Student: 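The structure that follows is given in the form of C-alpha cells.
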Amino acid sequence: MPHTQRKNIVPGSTVKVVQKPHQRTGQLTEGVVKDLLTNSAVHHRGIKVRLTSGIVGRVQEIIR
C-alpha cells in the first residue's frame with residue numbers, strides 16, 4: 001500500500017511517520033493515526049497525520 005495515497009490510511013492504522021525536525025535524518029516514529037491532516041488524495045512526500053500521542057508527521061510506512 002503506497003503511503004502517498006490518502007485512501008490507504010484510516011484512523012486507527014499503525015504507521016511510521018517522519019516528523020519535520022527529523023526529515024534530514026529520516027528518523028521514524030511509530031504510532032496509531034488519530035487524524036488525517038492532508039486534504040488532497042495524494043501527496044508525494046507522504047500523507048500528514050496526527051498520531052494518538054499528539055505527534056504530527058508524514059507517513060513513510062503503513063504497518064497495518
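Throughout, residue positions are numbered sequentially from 1 according to the sequence presented. FYI, side chains are in, hydrogens and waters are out, and symmetry mates aren't considered; it's all heavy atoms of this structure. Please read all numbers here as calculations on a predicted model, not as lab measurements.
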Student: Please check if V59 and I55 belong to a single hydrophobic cluster, counting links between Ile, Leu, Val, Met, Phe, Trp and Tyr side chain heavy atoms closer than 4.5 Å.
Tutor: yes
Student: Could you tell me if the side chain of I9 sits less than 4.5 Å from the side chain of I62, heavy atoms only?
Tutor: yes
Student: Could you pull out every donor-acceptor pair under 3.5 Å between side chains of residues 36-43 and any protein atom, sequence neighbours left out?
Tutor:
unit_1, atom_1, unit_2, atom_2, d
T38, OG1, K48, N, 2.8
S40, OG, V42, O, 3.2
H43, ND1, R45, N, 3.2

Student: So which pairs with a foot in residues 26-37 pass side chain to side chain donor-acceptor pair (under 3.5 Å), sequence neighbours left out?
Tutor: Q19-T29, D35-R50
Student: Please say yes or no: joined through hydrophobic side-chain contacts below 4.5 Å, possibly via intermediate residues, are I47 and V33 part of one cluster?
Tutor: yes
Student: As a quick check of understanding, evaluate side-chain contact (heavy atoms from CB on, under 4.5 Å) for V15 and L51, giving each step before the final call.
Tutor: CA-CA 9 Å; V15 298; L51 302 179; 4.0 Å; yes
Student: Mind jotting down which residue pairs meet the salt bridge (Lys or Arg N to Asp or Glu O under 4.0 Å) criterion with at least one end in residues 11-27? Sequence neighbours excluded, please.
Tutor: none
Student: N8 side chain to P2 main-chain N or O, any donor-acceptor pair under 3.5 Å?
Tutor: yes
